[in-house]
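Have a look at the structure below before the remarks.
For this chain, numbers begin at 1 and follow the sequence in order. All of these numbers come straight from a predicted model, not from anything done at the bench.
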Amino acid sequence: MGGLPSRHFAQVKGILIVDHGSIRDEANDMLRSMADLIQTMAGPDVVVRYGHMELAEPNIAAGFSSCVEAGATDVTVFPYMLSPGRHSTSDIPRMVAAVAGTYPQVSFSVTPAFGLHEKLAEVVLERAGVGINAD
């Protein structure tokens, strides 16, 4: 069959983790450290960045733009929050949609907040000194 050769363009996954932001540098540094950890675990084929809703930089727009500038063509935004409150269900999706509109070639989605997850329960038990497999 003749015709033009098929062109396949690889999708590059981006992950943007977002918290509220804080006036305390220590709190903001924790999100940066988490982004670094996720990047290490994900490997070099995934772009991982972070952003804050308010009170600190980089903000959501800068974090999303950084993902795109690093080559991401599909960005998953993760609200780094425990519960599905107003910020994770309304504010963050609205803010992400606003910046994503300036990158029509990039697909995006916003995940739910952590919510209920067995691994979070394991962390609570570990920090409380309670073994999850104790007899």
Side-chain angles (χ1 to χ4, degrees):
M1 300 200 171
L4 297 175
S6 171
R7 291 187 184 194
H8 176 73
F9 296 101
Q11 290 274 48
V12 176
K13 174 58 91 177
I15 299 172
L16 176 65
I17 58 172
V18 174
D19 69 359
H20 185 274
S22 175
I23 59 172
R24 296 186 61 217
D25 289 338
E26 301 84 13
N28 298 321
D29 288 344
M30 187 174 289
L31 190 66
R32 179 188 44 76
S33 295
M34 179 54 72
D36 291 346
L37 176 59
I38 294 168
Q39 182 68 75
T40 298
M41 293 174 73
D45 295 334
V46 177
V47 175
V48 180
R49 299 292 188 267
Y50 67 98
H52 308 283
M53 278 186 53
E54 58 188 14
L55 304 175
E57 294 294 328
N59 62 21
I60 290 173
F64 192 96
S65 295
S66 181
C67 284
V68 175
E69 290 163 8
T73 57
D74 177 47
V75 178
T76 299
V77 179
F78 182 86
Y80 194 74
M81 298 175 174
L82 289 176
S83 302
R86 185 188 75 207
H87 290 324
S88 66
T89 62
S90 179
D91 296 336
I92 291 172
R94 175 181 44 79
M95 296 167 89
V96 170
V99 67
T102 64
Y103 299 100
Q105 76 281 12
V106 176
S107 58
F108 74 96
S109 61
V110 179
T111 71
F114 282 109
L116 293 175
H117 197 286
E118 186 176 300
K119 291 197 180 289
L120 290 173
E122 289 174 8
V123 171
V124 170
L125 291 171
E126 177 185 306
R127 291 191 179 176
V130 177
I132 59 173
N133 294 320
D135 292 339

Kindly list each side-chain donor-acceptor pair under 3.5 angstrom involving residues 30-38, sequence neighbours excluded, with atom names and distances?
from: S33; atom 1: OG; to: D29; atom 2: O; distance (Å): 3.2

Got a list of side-chain donor-acceptor pairs under 3.5 Å for residues 88-98, not counting sequence neighbours?
from: S88; atom 1: OG; to: S83; atom 2: O; distance (Å): 3.3
from: S88; atom 1: OG; to: G85; atom 2: N; distance (Å): 3.3
from: S88; atom 1: OG; to: G85; atom 2: O; distance (Å): 3.3
from: T89; atom 1: OG1; to: G85; atom 2: O; distance (Å): 2.8
from: D91; atom 1: OD1; to: R94; atom 2: NH2; distance (Å): 3.2
from: D91; atom 1: OD2; to: R86; atom 2: NE; distance (Å): 3.1
from: D91; atom 1: OD2; to: H87; atom 2: ND1; distance (Å): 2.7

Sequence neighbours excluded, every pair satisfying ring-ring contact (aromatic ring centres under 6.0 Å, His included) that has a member inside residues 25-51: Y50-H52

Which residues share a ring-ring contact (aromatic ring centres under 6.0 Å, His included) with F108, sequence neighbours left out: none

Greater than 12 external heavy atoms within 6.0 Å of E26's CD: yes

Test side-chain hydrogen bond (donor to acceptor under 3.5 Å, both in side chains) applied to Y80 - qualifying residues, sequence neighbours left out: none

Full working for side chain to side chain contact (heavy atoms under 4.5 Å, CB included) between F64 and V106: CA-CA 10 Å; F64 192 96; V106 176; 4.1 Å; yes

Distance-minimising heavy-atom pair for C67 and L16: SG-CB, 4.2 Å

Pairing residues for T73 by the side-chain contact (heavy atoms from CB on, under 4.5 Å) criterion, not counting sequence neighbours: Q11, V12

Inter- and intrachain pairs under salt bridge (charged side-chain N to carboxylate O under 4.0 Å, His left out), touching residues 72-81, at least two apart: K13-D74

Non-hydrogen side-chain atoms of S109 and T76 separated by less than 4.5 Å: yes

Contacts of Q39 that satisfy side-chain contact (heavy atoms from CB on, under 4.5 Å) - sequence neighbours left out: V48, R49

Identify all side-chain donor-acceptor contacts of residues 55-62 below 3.5 Å with residues at least two apart in sequence or on another chain.
from: E57; atom 1: OE1; to: N59; atom 2: N; distance (Å): 3.2
from: N59; atom 1: OD1; to: A61; atom 2: N; distance (Å): 3.2
from: N59; atom 1: OD1; to: A62; atom 2: N; distance (Å): 2.8

F114 and F78 aromatic ring geometry - parallel, tilted or perpendicular at 30°/60° bounds: perpendicular

Shared hydrophobic cluster, I15 / M41 (ILVMFWY, side-chain heavy atoms < 4.5 Å): yes

hydrophobic_cluster_shared for I17 and V110, side chain cutoff 4.5 Å: no

Listed once per pair and sorted, the ring-ring contact (aromatic ring centres under 6.0 Å, His included) pairs that draw on residues 29-49, sequence neighbours left out: none

Closest non-hydrogen atom pair between A70 and V47, with its separation: CB-CG1, 3.7 Å

